[in-house]
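Below: one structure, written as C-alpha coordinates.
The shown structure was predicted, so the numbers you read here are calculated from the model rather than taken from an experiment.
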Amino acid sequence: MLKRKRKKITHQMLAEVLDCTQAHISLYENRKTNMSVEKERLYQNYILNY
(Lines give C-alpha, C1' and ligand atoms only; values in the text may rest on other atoms or scores of the structure.)
Protein backbone atom coordinates (compact mmCIF):
# COMPACT_ATOMS: atom_id res chain seq x y z
CA MET A 1 0.00 0.00 0.00
CA LEU A 2 2.84 2.42 0.76
CA LYS A 3 4.39 1.94 -2.67
CA ARG A 4 0.99 2.52 -4.24
CA LYS A 5 0.52 5.76 -2.31
CA ARG A 6 4.05 7.00 -3.06
CA LYS A 7 3.43 6.46 -6.77
CA LYS A 8 0.00 8.13 -6.44
CA ILE A 9 -1.86 5.11 -7.78
CA THR A 10 -5.52 5.28 -6.80
CA HIS A 11 -7.89 2.50 -5.91
CA GLN A 12 -9.88 3.49 -9.00
CA MET A 13 -6.87 2.91 -11.27
CA LEU A 14 -6.25 -0.52 -9.76
CA ALA A 15 -9.92 -1.45 -9.84
CA GLU A 16 -10.03 -0.85 -13.59
CA VAL A 17 -6.91 -2.94 -14.21
CA LEU A 18 -7.95 -5.78 -11.91
CA ASP A 19 -11.62 -5.70 -12.90
CA CYS A 20 -12.84 -5.47 -9.32
CA THR A 21 -14.21 -2.80 -6.99
CA GLN A 22 -12.34 -0.11 -5.13
CA ALA A 23 -13.76 -1.55 -1.92
CA HIS A 24 -12.22 -4.95 -2.67
CA ILE A 25 -8.80 -3.35 -3.10
CA SER A 26 -9.21 -1.46 0.17
CA LEU A 27 -10.20 -4.64 2.00
CA TYR A 28 -7.22 -6.46 0.48
CA GLU A 29 -4.78 -3.74 1.54
CA ASN A 30 -6.19 -3.81 5.07
CA ARG A 31 -5.87 -7.61 5.11
CA LYS A 32 -9.58 -8.24 5.55
CA THR A 33 -9.95 -10.30 2.37
CA ASN A 34 -7.82 -12.14 -0.15
CA MET A 35 -7.48 -11.87 -3.91
CA SER A 36 -7.02 -14.64 -6.37
CA VAL A 37 -3.40 -15.44 -7.14
CA GLU A 38 -3.80 -13.97 -10.63
CA LYS A 39 -5.24 -10.67 -9.38
CA GLU A 40 -2.62 -10.42 -6.64
CA ARG A 41 0.10 -10.84 -9.27
CA LEU A 42 -1.51 -8.15 -11.45
CA TYR A 43 -1.76 -5.85 -8.43
CA GLN A 44 1.92 -6.22 -7.60
CA ASN A 45 3.11 -5.94 -11.22
CA TYR A 46 1.01 -2.83 -11.89
CA ILE A 47 2.45 -1.05 -8.87
CA LEU A 48 6.04 -2.11 -9.59
CA ASN A 49 5.91 -1.15 -13.25
CA TYR A 50 3.91 2.08 -12.94
Partner residues of Lys32 under the side chain to side chain contact (heavy atoms under 4.5 Å, CB included) criterion, sequence neighbours left out: Leu27, Asn30
Minimum heavy-atom distance Ser26-His11, with the two atoms named: CB-CE1, 3.8 Å
Sequence neighbours excluded - salt bridge (charged side-chain N to carboxylate O under 4.0 Å, His left out) pairs with any residue from residues 10-31: Arg4-Glu29
Salt bridge (charged side-chain N to carboxylate O under 4.0 Å, His left out): pairs with one or both residues in residues 35-50, sequence neighbours excluded: none
Apart from Val37 itself, residues in the same hydrophobic cluster as defined by side-chain heavy atoms under 4.5 Å: none
Members sharing Tyr46's hydrophobic cluster (side chains within less than 4.5 Å): Ile9, Met13, Leu14, Val17, Leu18, Ile25, Tyr28, Met35, Leu42, Tyr43, Ile47, Tyr50
side-chain hydrogen bond (donor to acceptor under 3.5 Å, both in side chains) against Gln44, all qualifying residues, sequence neighbours excluded: none
Enclosure of Lys3 NZ (heavy-atom neighbours >12, cutoff 6.0 Å): no
Donor-acceptor contact present, side-chain Lys5 to main-chain Thr10, <3.5 Å: no
